[in-house]
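Throughout, residue positions are numbered sequentially from 1 according to the sequence presented. Computed from a predicted structure; not experimentally measured. Note: hydrogens, waters and symmetry copies are ignored here, and every other heavy atom, side chains too, is used.
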Amino acid sequence: MIGVPDIMKKMGIGRDRALEILKSGEFPIKKLGRRYVVHEDVFDKWLRGEMAPTKVQKRESELQLLRTRK
């Protein structure tokens, strides 16, 4: 399971944006106490574009921009 700090590192984004991505409904998350987490394999598939929920398609250009910044 990975949380907000891990997502921030992987994507090179801030805390607010990482929380927004987690809460977007694009993949299943769990709330453990005050922490939001997602299974690392699910997140990595989503990040690589192998998972195609409907909301991902709307943000594809924004995600592509984030990927090129790395």
What do the steps show when you test V4 against R35 for side chain to side chain contact (heavy atoms under 4.5 Å, CB included), and what is the final call? CA-CA 8 Å; V4 172; R35 293 181 55 209; over 6 Å; no
Looking at D41, is its backbone amide N or carbonyl O close enough to the side chain of D44 to form a donor-acceptor pair, meaning the two atoms are under 3.5 Å apart?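 No; zero donor-acceptor contacts below 3.5 Å.
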Single-linkage hydrophobic cluster I29~V37, side-chain heavy atoms < 4.5 angstrom: no
Please tell me whether L19 and I13 are part of a single hydrophobic cluster in this structure, the criterion being side-chain heavy atoms less than 4.5 Å apart. yes
Quick one, V38 with M1, criterion side chain to side chain contact (heavy atoms under 4.5 Å, CB included). Give me CA distance, side-chain angles, the key distance, then yes/no. CA-CA 5 Å; V38 64; M1 298 294 245; over 6 Å; no
Would you give the length of the straight line joining atom CD of E40 to atom CG of D6, rounded to the nearest 0.5 angstrom?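 Spacing of CD (E40) from CG (D6) equals 7.0 Å.
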To the nearest 0.5 Å, what is the distance between CZ (F43) and CD1 (I21)?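 Those atoms lie 6.0 Å apart.
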As a quick check of understanding, evaluate side chain to side chain contact (heavy atoms under 4.5 Å, CB included) for Y36 and K23, giving each step before the final call. CA-CA 8 Å; Y36 289 93; K23 293 179 179 181; 3.4 Å; yes
